[in-house]
Amino acid sequence: MKFLQIENLNLSIYGMGILKNVSLSAEKGEIIGVIGESGSGKSMMAFSVMDLLPTGTERSGRIALDGQDLLTKTEAQMCAIRGNDIGMIFQEPMTALNPVKTIGDQVAETVLIHGNASRNKASQIARDTLNRVGLPAEQFPLSRYPHELSGGQRQRVVIAMAIALQPKLLIADEPTTALDVTTQAQILDLLKKLVAEDGMCLMLITHDLGVVAELADHIVIMKTGEVVEAGETHALFRNMQHPYTKALFEASSHVPDKGDARAAEPAPLLEVRDAIRDYVLPRKTVFGKQGSFRAVNKVSFTLTKGENLGLVGESGCGKSTLTRAILGLEELQGGEIRINNTTVQAGTHMPRELRRKMQVVFQDPYGSFNPRHKVARLVAEPFHLLEVELNGAERRKAVEEALIEVGMQPLDADKYIHEFSGGQRQRIAIARALIIKPDLIILDEAVSALDVSIRAQILDLLADLSSRLNLSYLFISHDLSVVRSVTDRVMVMKSGEIVEYGVTEAVFTNPQHAYTKTLIAAAPSLHDALEKEND
Amino acid sequence: MLRYSLKRLLSLGLSLLAASAVIFLTIEIVPGDPASYMLGINAQADTVAALREELGLNVSAFERYISWVGGMLTGDFGTSYTYRTPVVDMIGDRIMISLPLAIYALSLSTLIAFPAGILAASKRGSVTDVSIMGATQVGVAIPNFWFAMLLVVVFSINLRWFSAGGFPGWDKGLIVGLKALTLPAISLALPQASILARVMRSALIDTMNEDFVRTARAKGLSKRQAMWRHALRNAMIPVLTIIGLQFSFLIAGAIIIENVFFLPGLGRLVFQSISQRDLIVVESVVMLLVFAVVIVTFIVDLTYAAVDPRLRGRS
């Protein structure tokens, strides 16, 4: 009997099966990686262990921790186990902490609630634990509130809460998905260190094969509520049996076929010259001088027709501001942005024919559509940019053509957006961008919210459209592997400046700037992890 | 926190100044000369002129505004055109009824709404929840003057526990005074409590679905502990907003209930003064009500900051 033993776990919500005969096991000191795409049931499995399931769920089977069956425990007994024997870390550090309580109180609460120490002792334990997770007392006193910390620091606080009582099992549900690559690398290192120090068992749930390949001893691959393949990490990757595992593996390192070399037509489409964007900060005192923050600092680049240009950088580096300036949604304080030799002007001064030349696809396929409109109306939205709007049959024909272009059916035009999956929605978003035949599409983290297999399909679609319609993309992403696989050239942005700019392959194989090197080193790579093993 | 308070205080002062100007101008625009009104339609022109001089109506509007604001700052609200008594005394008598009534009604409303809302939220979907929500639905729907009359019929006429109206004065003792205000306070509190309970319930349910409540549960807190320790304080912001609005309403808006129970409160004073063109009283009472609203808003703002550290600014 292993330390954590899940046997034939079944879970249903109001009679609908979510998990089917899930079995896995792990020893103390081991890291077990659970991989699956959204809807695979991996988070539900974790919440089954914690018994923090939504109402209407039923579990059967066996979840044994250190020989005790958790399924037979009462709620009061589970309250004593949670936080004490099992700790849990969540995906979204920005909302995982109570905004009105100090970090010290929140960490100490884990200790107090289990009655293990006096208030003073609990504060002392909280201090020690925060030190352990890399939040030293000088910069991070116990009196700090969550809103005073960054995402990575908040995730450290969440980890401190989970490990304050040195639980035997730590469950981490997508702990780094919401974080930048360099922060992700630090958090993963921290988890690894804590597991080694405390001899914990860590269940690491993720969709990112690269993350687990570097960290986990064992891997469990889940699909639609079932375990399809399990085994020792490197053995499993060397000898993949299940077609889903192979597909997942292929998709995560997918390189879309960019098609024939494009016509050598170096006509510049988008030119950015010394663009500067300053934000005015609120006054510190009533009559004080107003400060300003430079979000984009003298950025220059050129995007030629048919080119795919990547823009990478961590959150807060200014890439969104730059994008908004290109779209004419932000005024520049210096420099110039030109499209087809016409200057972009912010606000209402922006001519329509210029707006027609660029369209944008956003990250969130759920939030970027009005749920009360049918697809036909959603896709036809950019038509207001035409001098003469299309109507009736012509309009319908254009909508259907755009949908077919992105691999959807003409009849999909009569459906509502909630009838589609995330990947389909992103196709519809691309159809909306295509419909007025722009020259440039800005893809703002357009595939970041998608599962790897869906992401691969969308990347293929984008590559196909680009080569057929001679489209240019400005591809903005924090995901280096995606940028590497789809772009011709790449820019690396940091604190408002472009620190490196060059042909994509050259930048990735031979980065010049220290920051680019850090970024590439921090990005978890399945390929590198497996190679390291082979050496 | 100090900077936040000072900022709020500054905006409070500016609001009052703006309000005083608006009130003064509005009253200026209203047709009807107080002097002619007081002397009747057959008054001689020179008598009216003499009265206007006596009332200080013959100087420019700007001068009158300055002397009005200046007077208020020094506690002199002028003299009533109709009763020839200092306005400050008239208001003083009335506010001794209106303010305790508002506080009484608000306390009742809060005392009913908090437990009801919390209970409904913690037993969401149960019979308790459905009954509480049903009761509050009725509470919102019933007009409070009708409910007031119902209370009079049951508790004054049939049971004879309370008097049907009037106010004996605080000099008869605190208990006697409070007793006279009980039925009016209940009728004012009923709709307020119903609204507040509904806001409390939905705010608490929303907060219980937040990620940090799940985090708290993962630490080993029971659902109940998570609600009391984490959800409740976060749910207070919308609740405080409603309480602030309700208190402002209670001070000024009790006019109908004051009429039902024959209470000489501020609402009735404004009503009478308007019909008698006693503009100086109207101005002063309205200004006082604005002052009360602004002060309540200020207190609510400070409470927000006490509840939510994110509003305190970087200190």
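Excluded from the calculations below are hydrogen atoms, water molecules and symmetry mates; all remaining heavy atoms, backbone and side chain alike, are included. As the structure is a prediction and not an experimental result, all values here were calculated from the model.
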When the 4.5 angstrom heavy-atom criterion is applied to A:Glu75 and chain B, the contacting part is side chain
Counting only heavy atoms not in A:Gln77 (residues, nucleotides, ligands), do more than 12 fall under 6.0 Å from its CD? yes
Nearest heavy-atom approach of A:Val100 to B:Pro309 is CA-CD, 3.6 Å
Would you give the length of the straight line joining atom OG of B:Ser222 to atom CE of A:Met78, rounded to the nearest 0.5 angstrom? 13.5 Å
I'd like to know whether B:Lys219 forms a side chain to side chain contact (heavy atoms under 4.5 Å, CB included) with A:His114, so could you lay out the CA-CA distance, the side-chain angles of the two residues, the decisive distance to 0.1 Å, and finally the verdict. CA-CA 9 Å; B:Lys219 283 196 276 190; A:His114 292 283; 5.7 Å; no
Looking at A:Glu109 and B:Arg217, is any side-chain nitrogen of the basic one under 4.0 Å from a carboxylate oxygen of the acidic one? no
Atom pair CG/CZ of B:Asp211 and A:Phe90 - distance to nearest 0.5 Å: 8.0 Å
Using non-hydrogen atoms and a 4.5 Å limit, figure out which bit of A:Leu97 sits close to chain B: side chain, backbone, both or neither. backbone
Which one of A:Ala96, A:Gly83, A:Ala162 has the most heavy-atom pairs closer than 4.5 Å to chain B? A:Ala96
At what distance, to the nearest 0.5 angstrom, does CG of A:Asn98 lie from OG1 of B:Thr207? 9.5 Å
Please report the interatomic distance NE2(A:His147) to CZ(B:Arg310), rounded to the nearest 0.5 Å. 7.5 Å
Student check: side-chain heavy atoms of A:Cys79 and B:Leu221 closer than 4.5 Å: no
When B:Arg214, B:Lys223, B:Arg233 are compared by non-hydrogen pairs under 4.5 Å with chain A, the top option: B:Arg214
Who in residues 101-116 of chain B is close to chain A, using a strict under-4.5 Å heavy-atom cut-off? none
Answer yes or no: are there more than 12 heavy-atom neighbours, outside B:Phe291 itself, under 6.0 Å from its atom CZ? no
Considering only heavy atoms, which portion of A:Leu165 lies under 4.5 Å from any heavy atom of chain B: side chain, backbone, both, or neither? neither
Would you say A:Arg144 has more than 12 foreign heavy atoms packed within less than 6.0 Å of its CZ? yes
